[in-house]
Amino acid sequence: MNVVNGNYHALLARHDAMRLRRQLLQPGQRTEGDQTEYDGEAAYDGAADQELISRYLELVTPFDDLITDLYDVMFTQWPYLRSLFPESMDFQRRHLGQIFWYLIENLHNPDEVAQVFTRLGRDHRKLGVRPAHYEAFEASLCAALRRSAGPHWNEAMEAAWVRMLRFAVAAMVRGAEAAIGEPADWPATVTAHEIRRPGLAVLRVRTHEPYPYRAGQYASVESPLLPQAWRQYSLARAPRPDGELEFHVRQVGVGGVSEALVSHTRPGDVLRLGPAGGTMTLDDPLPRDLLLVAADTGWATVKALLEELSTRRSVGRSVHLFLGIDDASGSYDSESPAVLERRFGWLRVTPVNDRAPGGAAYGRLAETVVGYRDWSEHQAYVSGPPAMVGALVRQLGTARLPADRIRHDPLPHTPALTTRHVPALDGPRRGELPGAAEPLRHPGERERFGGHGAAVSGEPVRYGERGRGR
C-alpha cells in the first residue's frame, strides 16, 4: 500500500505551516518536537574520518551489496518507508552509491559538503522525508556495514561512517528548515505536449502557484504514473509573466519517467515539480564574452539563457553559440542559425553536424569549438549529453580556459578512491539518503550534487530517465 499520496503531503504541508507560524511568532524558540540529533553545528574533522573510512573501504566496495543490505534491513524493520521510494529501486541504488563516493572523496572539504547537502535537504522536502526517517537510515546503514565487512568490522570504522552520515544529514535538515516558508513541491498542469521527433517531446506546464527560478536552472519532475520517481529536466524558458514553463524530454528507456512524459502525458495532466536548482545562470552585467555550446536537448538550457539575454536593455558582450545538429533535418526546436542571428544582433551561431558517419559521437563538435579560436578569455556554458560535455570540458581546459569559467552539468561519477588506493585486507571483499532521487542525466535532465557550476539536461547516466532526465 502506498501511503505517500496527496493526503500525506497535505498533512506535511499543514505541519510545516504550523511550525512556520510558531517560528514567526516566537523567533529563536524551538519546540521539543523540532529537536533532532542531526541539529548539531559542532566542528567536524572530515579529513580524519576520510582516512579511516578509506583504510577499510575495500571491505564494503563495490557498494552494491552494502546498499542492497541497507535497503533490505530498512524495509524489513520499517516497511512503511518503502512508500517513500519509487517502485523500481535500480536508480536509487546507483544514486546512493554516487552519494557515498562523493562524501568519501570530499570529506576533507566539509564546507563544500555542507553546501551540497543543504541544497539536497531543500530538494528532499518534496519526497516527504522527515528527520525520523534519517534515523532509520542510519540504523540500517550500521547493520549493512556489519554484514558487508563481516569479521573485519570494527567500531572505529562504523563510528566514522556514522559521523560522516550525521554531518551530511545535519546539513540536509538545515536546508529543509531554511525552506520551510516555500512549498515542498509545485503542482503543474500540462498546457501543451508536442512530439517533435520520435521519442522526443516538448512539454509546457503552468504551476498552480508562482514558481521561482532563473534561466539556466532545472527542475525535478514527477509524473502521476510513477509516484516518487523524480527526474531533473532543464527549464527551457526564462521566467515570463504568464508563468508557463517548458521542458524538452527525450525518452531514454522503457517504463521510466521519460517514457511517461513523452508517450503517456497529455494536456490537462498534473505533474509535480521540485524546487529549481543549478548554477548555470548568467551574471548581470556579463563580465566576459560568452561561449555557448549545446547539443540534443541541452538546447533547452541555452534557449532559456538566450531568452534572458534578449530581455536585457543591453547585453554589452558578444555571444557565440555552437549548436550540435545530428542530421540534415537540423535542430528539433531552434530556429535556423540565420534567423537566430537576425533576432539577436549580439549573437553568432555556428551549426555543427556532430554525428558524422564513422566519427565518435560529439567528437566533431568539441574539435570544432576548440579549433575555432582562442576561448581563454571567455565564459563558457556547455549543455548536452555527458559524452559531449565531458569531451568539450577536457579540451577547453587543455586550451587554457579555466575550469571556474566553464559552467556545465555534473558528469557521471567515476570514483577516485578505488581498492587500488586502499591498503589490502585479508578476507572476503565484498551508496542517497531516504527519498527517491534522480539519475545522472543527459541534456535536459540532471543529477545534482557536486559537479561543476551548472546543469545540463538528460536521464540515467542518464540520457533522460530515472535520474534527471530528458
If you take all heavy atoms of [X] and [Y], which pair is closest and at what distance?
X	Y	value
L226	V257	CD1-N, 3.5 Å
A304	A215	O-CB, 3.4 Å
V60	A149	CG1-N, 4.4 Å
D49	R163	OD1-NH2, 2.7 Å
Q379	I406	NE2-N, 4.2 Å
S263	Q251	OG-OE1, 3.1 Å

Backbone N or O of [Y] within a donor-acceptor pair of the [X] side chain at under 3.5 Å?
X	Y	value
R122	A178	no
R317	L286	yes
Y71	S140	no
D296	G384	no
Q50	I104	yes
R288	E377	yes
E307	A238	yes
N154	M157	yes
S54	E51	no
R214	L282	yes

What's the spacing between [X] [atom1] and [Y] [atom2] if we round to 0.5 Å?
X	Y	atom1	atom2	result
T368	L392	OG1	CG	10.5 Å
W375	L290	CH2	CG	10.5 Å
H378	L396	NE2	CG	11.0 Å
L305	Q217	CG	CD	10.5 Å
L203	H193	CG	NE2	4.5 Å
D185	L273	CG	CG	8.5 Å

Just wondering, do [Y] and [X] contact through their side chains at under 4.5 Å, heavy atoms?
X	Y	value
R373	H320	no
W153	L59	no
W230	R272	yes
Y134	L165	no
V382	V369	no
V249	V221	no
M388	V293	yes
L245	Y211	yes

Should R348 and D289 be marked as a salt bridge (Lys or Arg N to Asp or Glu O under 4.0 Å) after you check the CA-CA gap, both sets of side-chain angles, and the distance that decides it? CA-CA 12 Å; R348 180 169 184 178; D289 292 339; over 6 Å; no

Classify the angle between the aromatic ring planes of F117 and Y102 as parallel (below 30°), tilted (30 to 60°) or perpendicular (above 60°). tilted

Should the pair F137 and F100 be assigned to parallel (<30°), tilted (30 to 60°) or perpendicular (>60°) ring geometry? tilted

Regarding D374 and R400, does a basic nitrogen lie under 4.0 Å from an acidic carboxylate oxygen? yes

Let me see the working for Y56 and W161 under ring pair (Phe, Tyr, Trp, His ring centres under 6.0 Å), right down to the final yes or no. CA-CA 11 Å; Y56 296 98; W161 274 83; over 10 Å; no

Hey, mind stepping through F63 and R93 against side-chain contact (heavy atoms from CB on, under 4.5 Å) and telling me if it holds? CA-CA 9 Å; F63 288 134; R93 292 189 178 94; over 6 Å; no

Test side-chain contact (heavy atoms from CB on, under 4.5 Å) on V262 and I195; report intermediate values, then the result. CA-CA 8 Å; V262 171; I195 299 295; 4.0 Å; yes

Determine whether Y233 and S258 satisfy the following criterion, side-chain contact (heavy atoms from CB on, under 4.5 Å), listing intermediate values before the conclusion. CA-CA 10 Å; Y233 296 90; S258 63; 3.8 Å; yes

Full working for side-chain contact (heavy atoms from CB on, under 4.5 Å) between F85 and M74: CA-CA 12 Å; F85 296 80; M74 187 163 67; 3.8 Å; yes

